[in-house]
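I have placed the structure first, in the form of structure tokens, so that the comments after it can refer back to it.
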Amino acid sequence: MNVVVCIKQVPDPNSVGQLDPSTHTLRREGVEVVLDPGDEYGIEAGLQLVETHGGEVTVVSMAPEKGLDAIRKALAMGAAKGVLITDPALAGADALTTAKVLAAAIKRQPFDLVITATESTDGYTGTVPQMLGALLGVPSVTFAKHLDGDGQKLTVQRQTESGYDVIAATLPAVLSVTAGVNEPRYPSLKGIMAAKSKPVDKLALGDLGLETPKPGQTITSVQPAEERKAGEIVEDDGEGAKRIVGFLEAQKVI
Amino acid sequence: MAGTTWVFAEIVDGKPVAVTLELLTKARSLGGTVEAVAFSPVAEAAAATLGEYGATTVYAGTDPAYAELLLGGPAADALAKLAQEHSPDLILIGATYTGRDVAGRLAALIDAPVIANGLDVAANGDITVQSAIFGATQVVQTKFDSSGPKVALIRAKSFAAEPGGGGAPKLVKIDAPIDEKHRAAKMVESKADTATGPKLEEAAVVISGGRGLQDPKNFDLLHQVADLVHGAVGASRAVVDAGWVPYAMQVGQTGKTVKPTVYIACGISGAMQHTVGMKGSKNIVAINKDADAPIFKLADLGIVGDTLKILPQLIDELKARKG
Ligand SMILES: Cc1cc2nc3c(=O)[nH]c(=O)nc-3n(C[C@H](O)[C@H](O)[C@H](O)COP(=O)(O)OP(=O)(O)OC[C@H]3O[C@@H](n4cnc5c(N)ncnc54)[C@H](O)[C@@H]3O)c2cc1C
Ligand SMILES: Nc1ncnc2c1ncn2[C@@H]1O[C@H](COP(=O)(O)O)[C@@H](O)[C@H]1O
């Protein structure tokens, strides 16, 4: 089966993000970029499927040139090839533009299943997987926390507000996976060596027959949020529990 | 003035979910016409409630198949068609799982931008959505530049739901055949993670546990406290990912937003992805053995100590108090 996994490169989630005050885009200088930890689950899910049912995993990413590092990591984990869409016109692209670009790149080859994370760690609009489904004309099976499948069908536990639904779907489809759906592997040394010679297709907007996107939204202001102030912090001297009971009483919740 | 605002009405167990009523309340305050669009075999039965919260018209899709399909696909198709006929100015959708499915597909179908993670929306000439980034340390205003309907995904609990005393809404049946491709994904079973007591989003007291609880079985201490104070139990993502407790208990950026009267964080460090889901609580109590844990920066009452020692004492105190 042909599995496409969409992966994003994001600023290290352990660093505190900053916006450029003039352009309102994410400041990238001096910030490490990494493969979005959320996307490792998608890569792992794709690899497990092709390892059991045959076929290969292609990773697709829309990113600046540096995004190649994220693709190499996915290739080191075991993906067969990569597609990197890089174009200066795509800087600051919104979710819909991103989805259009990814869909155009995905359509260049046959696919049975497209896998994404449920949301990216930096942008977290959480709408790209659904947009991809609409643009590719297939169902989006979203928020999977457990997955069984083969070349024809999928059975997924999809998160809901109160528990989960079991969804049975036939392919082709888009699938979005949550953290916890599997245990992503680490790239092996052999994998890292092999990744260097795996093919990566580099595309620009023109190669996809797309025009420069028009932004549909503008950030008009960014301001610090009102912060809560710390209250009383005490060392537990055996009276901690009593203090909490007193607090609950004062708030009239007990 | 917002012209016409539509609210996507999500129906669960025959009733509109809380965020739908919150959005209708907000839509009323924007001025203009407020209408709801619902997809459920029992959508018509929910119309009265939608009217009570401000919808003057309810568009209702009642195909029985809505109950057994992933709703996002067919609902987005029907909404796109309806939006082309009626050109609403703004479509508000609650950021639930189904809401996100609908919003993403709809935006792609009508080629309109969607602004996600909204916490507020303003309509004065332009339509602007407020959201928070970097663990809610920064507040961002984003304005739609596009013409045509604007789609905004709004987080639950952003507004209080208040009935508006409107009369019975006009009911308009949606006639939109479900495209064959959506039948490829079927819901075969629905499971609820069993929880007793009040719901996490509604409880006046929420007591949450993190990795500091050391062992999944210690969550039982939290349940005992919750039972004694008629509260609900929440969790950090670290322990949800570790499989200690179900995801339905997760509080934070990728979990639930809670705003109880008192939130008690036990053995939770206070990462910004967690605090974004609870910093709107009226009061915060934190127990952590590390005096430098970031959670103490927001706590009204912080206890530096071992939560595994304090929780049993708290249970005893609460029991003694009850007599
Ligand atoms: C994209 C993204 C989304 C995320 N979404 C969420 C989300 O929705 N919700 C969420 O919670 N997290 C989320 N996270 C994860 C978040 O960054 C933190 O990793 C997580 O909240 C940490 O959980 P924790 O506080 O339980 O664990 P830790 O950070 O490991 O903290 C455990 C704490 O327990 C204390 N402790 C240990 N033993 C004891 C004891 N005996 N008594 C008292 N205290 C003790 C320690 O001092 C420590 O402060 C997200 C992360 C990312 C990247
Ligand atoms: N630029 C991108 N390149 C590849 N995949 C992406 C990109 N942006 C988003 N995705 C995928 O879509 C998911 C959801 O992203 P988002 O809607 O931005 O939260 C991500 O976790 C990725 O799997």
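Source: prediction; values computed, not measured.
Arg228(A) contributes a side-chain N or O that, together with a main-chain N or O of Ser281(B), makes up a donor-acceptor pair within less than 3.5 Å. Looking at Lys229(A), its side chain never comes within 3.5 Å of a backbone N or O of Asp300(B) through a donor-acceptor pair.
Heavy atoms closer than 4.5 Å to chain B are found in the side chain of Glu249(A), but not in its backbone. Only the side chain of Leu96(A) has a heavy atom closer than 4.5 Å to any heavy atom of chain B. With a 4.5 angstrom heavy-atom cutoff, Leu248(A) touches chain B only via side-chain atoms. Heavy atoms of Ala168(A) lying under 4.5 Å from chain B belong to its backbone as well as its side chain. Neither the backbone nor the side chain of Lys145(A) comes within contact range of chain B; no heavy atoms are under 4.5 Å apart. Proximity to chain A involves both the backbone and the side chain of Thr254(B), based on heavy atoms less than 4.5 angstrom apart. Only the backbone of Val138(A) comes within contact range of chain B, with at least one heavy atom under 4.5 Å from a heavy atom of that chain.
In terms of heavy atoms, Ser190(B) sits closest to Asp165(A) at OG-OD1, 2.7 Å. Between Glu317(B) and Ala241(A), the shortest heavy-atom contact is CG-CB, 4.3 Å. The minimum heavy-atom distance linking Ala230(A) with Phe296(B) is given by the pair CB-O, 3.4 Å. Residues Arg321(B) and Val245(A) approach most closely at CD-CG1, 3.9 Å, considering heavy atoms. Minimum interatomic distance between Ala248(B) and Gly163(A) (heavy atoms only, all atoms of both residues): CB-N, 4.5 Å. Contact between Gly305(B) and Asp236(A) at its shortest, heavy atoms only, is CA-CB, 4.0 Å.
Among Thr142(A), Thr155(A), Thr97(A), the residue making the largest number of heavy-atom pairs under 4.5 Å with chain B is Thr142(A).
Residues satisfying the salt bridge (charged side-chain N to carboxylate O under 4.0 Å, His left out) criterion with Lys279(B), sequence neighbours excluded, are Glu227(A). Shown here are the ring pair (Phe, Tyr, Trp, His ring centres under 6.0 Å) partners of Phe247(A), two or more places apart in sequence or in another chain: there are none.
A salt bridge does not link Asp111(B) with Lys214(A): none of the charged nitrogens is closer than 4.0 Å to a carboxylate oxygen.
The distance from atom CG of Leu301(B) to atom CD of Glu232(A), rounded to the nearest 0.5 Å, is 6.5 Å. To the nearest 0.5 angstrom, Ile133(B) atom CD1 is 6.5 Å from Ile219(A) atom CD1.
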- Any chance you could lay out the salt bridge (charged side-chain N to carboxylate O under 4.0 Å, His left out) test for Asp101(B) and Arg158(A), step after step, and finish with the verdict? CA-CA 12 Å; Asp101(B) 281 0; Arg158(A) 175 182 183 269; 2.8 Å; yes
